[in-house]
Amino acid sequence: MSKEIGIKAKKKEDFSEWYSEVIIKSELADYGSVKGFMVLRPYGFQIWEIIKETFDKWIKRLNHKNAYFPSLIPQSLLMKEREHFKGFNPEVFWVTHAGNDELSEKLAIRPTSETIIYDSYAKWVRSWRDLPLLINVWNSVLRAEIKSTKPFIRTSEFLWQEGHTVHESKKDADKEVRRIIKLYKRLIEDYLAIPTIIGKKSEKEKFVGALYTITLESLMPDGRALQMGTSHNLGQNFSKPFEIKFLGRDGKEHYAWTASWGFSWRLLGALVMVHGDDKGLIIPPKVAPIQVIIIPIFYKKEKEKIIQKVKDLKKKLKRAKVRVEFDLREGYTPGWKYNEWELKGVPLRIEIGPRDLANEQAVIVRRDNSEKRMVKEELLVRSVKEALDSIQKDLFKRAKGWLDENTFEVKSFGEFEEKIEKGALIKAPWCLNQECEIAIKEKSGADIRLIPLVRKRPNENCMVCEKPAKVFAYFARAY
RNA sequence: GGGGUCGUAGUCUAGUUUGGUCUAGGAUACCAGCCUUGGGAGCUGGUGGUCGUGGGUUCAAAUCCCACCGACCCCA
């Protein structure tokens, strides 16, 4: 009857509307009362926690340690690296008062923590033996988004992790930057089931103050690219103004090499966009707070027995390390519950009714393709695990197929404009000249998402100036 | 950055054009009871509203005017 409870907008017809609706109705998040701020609800936070715990374990294995640094940064510190400050200045929130008294120095609410962290690092780093210094922080940062905001994708405050490392040499920093981007790729592809490509940002698009930025990009179903994580080699650009110096193996004083890297709750936005459908969310099993929902189908006579069976199954699955819940709520019909849990993206559903009880079986239904199967009870745990694995793989496969279908290589600007209009990731020859990059942006709205790390010198000419191209770059309109 | 749409109960919405019938109507959700349960069931009763906020016009404002806050969409 009341179809309004579910998602009204269609993903294919009205993507933006669909996206907001899914986030609110699936109870991932809610709007805060200040523009651009968002409430991450328990269901959304649980996904974030799984992502966090997974990545946290990995970086700790590589000897990184977590720490915490202040959220307020004195203006003078933030201004020490001039390029960096210029880059962030328009989006910094400033604290100017303590109670009624004006502060003698304005304090910035961190838009990122390089500066406040380096202030400490300068005190801590003395010798090459102190290096590498590998610290990660889980926190939130604030960047004023005045105009367009979008849950998870563009918010004035967001949760993220920021890694800040100090190294003896450029080469060591290079290695750190690369091993982290690979971890990001593993996290996003193996856990979030979102295919990505790795590459270097152009000079124009790199992190302000960085030597270079390595990025991980993906393409959303509306044809716009989304940056999923970045890893920066900051060279000595920060160590010099912040005086992060160490006595080297050679007995001489050196400026250190620093790197920083981060991903944010944006990943949750990508997860919604890439996998969701007209019924709501689809959460890949590896990051799903609830992997399996058991729904009983009551009939008066067998009610008690069914409840008992549902509880038994939950225990069994729990023992097998499956994140499982049951829905024993009365007054909701099974059909109602199916819709609700589909909206919430639970990857697998188990139905238990009188028929199943009699046949010692259960019905399992996949969220991603609605495939329904009857499974003998003694095989249930194994079947559930197989189904979860299969959903995880299929979600990635589907997303990868879509990405490949929407990635094109073009040679001329005419071809480029035609493809970009439809929303695509486009590989095109470029001369490395920033004027051409800007011209492309102005004419098409697309910018350079990345330049592949393994470079092959093109035979073609730059699509804009028609001088010989130096690299292939990937372009797209982006979030 | 430019343009547009909008704000009435948890949600969706009628009423706004043309001020008075509005003590704001409905659906859904929620609560209680009954009845049901294999794809969003039904019946009965009930709770819930600073009409986004502030100011103004008026005998009278959800309705007109101004400012602000917030949300959404399109374009760059």
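In what follows, chains are A, B, ... by sequence order, proteins preceding strands, each numbered from 1. Predicted model only: the values in this text are computed from it and were never measured.
- Among pairs with a residue in residues 289-306 of chain A, those fulfilling side-chain hydrogen bond (donor to acceptor under 3.5 Å, both in side chains) read A:Lys303-A:Glu330, at least two apart in sequence or across chains.
- Side-chain N/O atoms of A:Thr333 include none lying less than 4.0 angstrom from OP1 or OP2 on B:rG40.
- Taking the ring-ring contact (aromatic ring centres under 6.0 Å, His included) definition, one finds that A:Phe413 meets it with A:Phe416, sequence neighbours left out.
- A:Val34 pairs by the side chain to side chain contact (heavy atoms under 4.5 Å, CB included) definition with A:Phe37, not counting sequence neighbours.
- Each of A:Tyr338 and A:Lys300 was matched to the nucleotide of RNA chain B holding its nearest heavy atom; the match closer to the 5' end belongs to A:Lys300.
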Table of protein N/O atoms under 3.5 Å from nucleotides 66-70 of chain B N/O atoms:
{"from": "B:rG70", "atom 1": "OP1", "to": "A:Lys35", "atom 2": "N", "distance (Å)": "3.3"}

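- For the segment residues 349-362 of chain A, residues with any heavy atom less than 4.0 angstrom from an atom of RNA chain B are, sorted by number, A:Arg349, A:Glu351, A:Gly353, A:Pro354, A:Arg355, A:Asp356.
- Every residue two or more places apart in sequence or in another chain that forms a side-chain hydrogen bond (donor to acceptor under 3.5 Å, both in side chains) with A:Asp277 is listed here: A:Arg367.
- When each of B:rA71, B:rA41, B:rG38 is scored by its nearest atom to the side-chain atoms of A:Tyr31, the top-ranked nucleotide is B:rA71.
- Using a 4.0 Å heavy-atom cutoff across all strands shown, A:Lys372 reaches at least one base atom of the nucleic acid.
- Pairs engaging residues 354-364 of chain A under the side-chain hydrogen bond (donor to acceptor under 3.5 Å, both in side chains) rule: A:Asp356-A:Gln361 [sequence neighbours left out].
- Evaluation of the salt bridge (charged side-chain N to carboxylate O under 4.0 Å, His left out) test over residues 96-116 of chain A, restricted to residues two or more places apart or in two chains, returns none.
- For residues 213-225 of chain A, the set of pairs meeting the side-chain hydrogen bond (donor to acceptor under 3.5 Å, both in side chains) definition, not counting sequence neighbours, comprises A:Lys201-A:Glu217, A:Thr213-A:His232, A:Thr215-A:Glu217, A:Glu217-A:Arg449, A:Asp222-A:Tyr479.
- With B:rC72, B:rU37, B:rC73 as the choices, the nucleotide that has an atom nearest any side-chain atom of A:Tyr299 turns out to be B:rU37.
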